[in-house]
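Numbers here are sequence positions counted from 1.
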Amino acid sequence: MSVSAPALVFDWTTPRRRGGVLIFFLGASLLLHGLCFYLFQVVYPPAITMLPPPARVSVITPENMEAQALVRWTEAEDPALATTTQRPPDRSGVSLPEVEHVPSYATHHPELKTLPAPTPDTRIPSAASEAVVPRTAFRPLPPQAAQKTAIVFEDGSENLGRLL
């Protein structure tokens, strides 16, 4: 009666080396990219080339009526003017309005509470001192004896390679 080893769940054989396949695919990818670049850029060049717009500078002068209308429109639609407070023309500089300050403690007098009578501390004082604890010299632990490692397997190893 011969006992055969159970089938393993995982294949533990060494894998094949696939370095040549990776180099082949990298080379094929480089060759195909070069071929597509040649086909779509050299053989079929773009039909229309857009030139950049010519450089142009516009100067707003007071003699031009269109420029005056543009300046008036910009001043009327300025969002900075809409969000700021405009001072009256007769005031110059920043001046705060005259407001009489009345502090709250001038009109309201809170009632003061009386303190409770002090209670004496009747606890027993601690026997431990409140000074710094002295440090002792560090002594390394003695080496421990080495222990042997043991592995115990349970019964039921015949179901190890079987799938549910």
Side-chain angles (χ1 to χ4, degrees), residues 8-12 14-15 18-19 21-22 25-26 29-30 32-33 36-37 40-41 46-164:
L8 296 175
V9 176
F10 299 105
D11 183 21
W12 293 101
T14 56
R18 294 187 178 145
V21 175
L22 179 65
F25 278 112
L26 287 175
S29 173
L30 183 67
L32 285 175
H33 276 86
C36 288
F37 177 77
F40 291 111
Q41 292 293 325
I48 299 172
T49 54
M50 300 280 299
L51 296 175
R56 202 172 125 190
V57 177
S58 298
V59 179
I60 298 175
T61 59
E63 292 85 23
N64 189 355
M65 295 303 289
E66 291 178 4
Q68 290 178 2
L70 178 65
V71 169
R72 281 194 304 274
W73 176 79
T74 305
E75 288 176 352
E77 298 293 328
D78 189 10
L81 293 176
T83 58
T84 59
T85 305
Q86 298 291 322
R87 285 192 298 256
D90 60 334
R91 290 211 176 161
S92 62
V94 178
S95 61
L96 297 175
E98 298 296 328
V99 178
E100 182 181 349
H101 174 65
V102 180
S104 63
Y105 57 83
T107 58
H108 176 69
H109 298 287
E111 294 180 16
L112 297 177
K113 296 181 180 179
T114 59
L115 290 175
T119 57
D121 188 12
T122 58
R123 292 180 293 160
I124 299 172
S126 175
S129 71
E130 296 177 2
V132 178
V133 177
R135 292 188 178 203
T136 59
F138 174 73
R139 282 182 268 143
L141 296 175
Q144 296 181 356
Q147 297 178 356
K148 292 185 178 181
T149 304
I151 299 175
V152 179
F153 291 103
E154 293 184 10
D155 290 339
S157 60
E158 63 274 354
N159 296 332
L160 186 63
R162 199 176 299 160
L163 293 175
L164 295 176

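Between the side chain of S29 and the main chain of F25, no donor-acceptor pair closer than 3.5 Å is present.
Rounding to the nearest 0.5 Å gives a distance of 9.0 Å between CZ of R72 and CD of E75. Distance check: E63 CD to T61 OG1 gives 5.0 Å after rounding to the nearest 0.5 Å. From E100, atom CD reaches atom CD of E98 across 11.0 Å, with rounding to the nearest 0.5 Å.
Pairing each heavy atom of P103 with each of H101, the nearest pair is CD-O, 3.7 Å.
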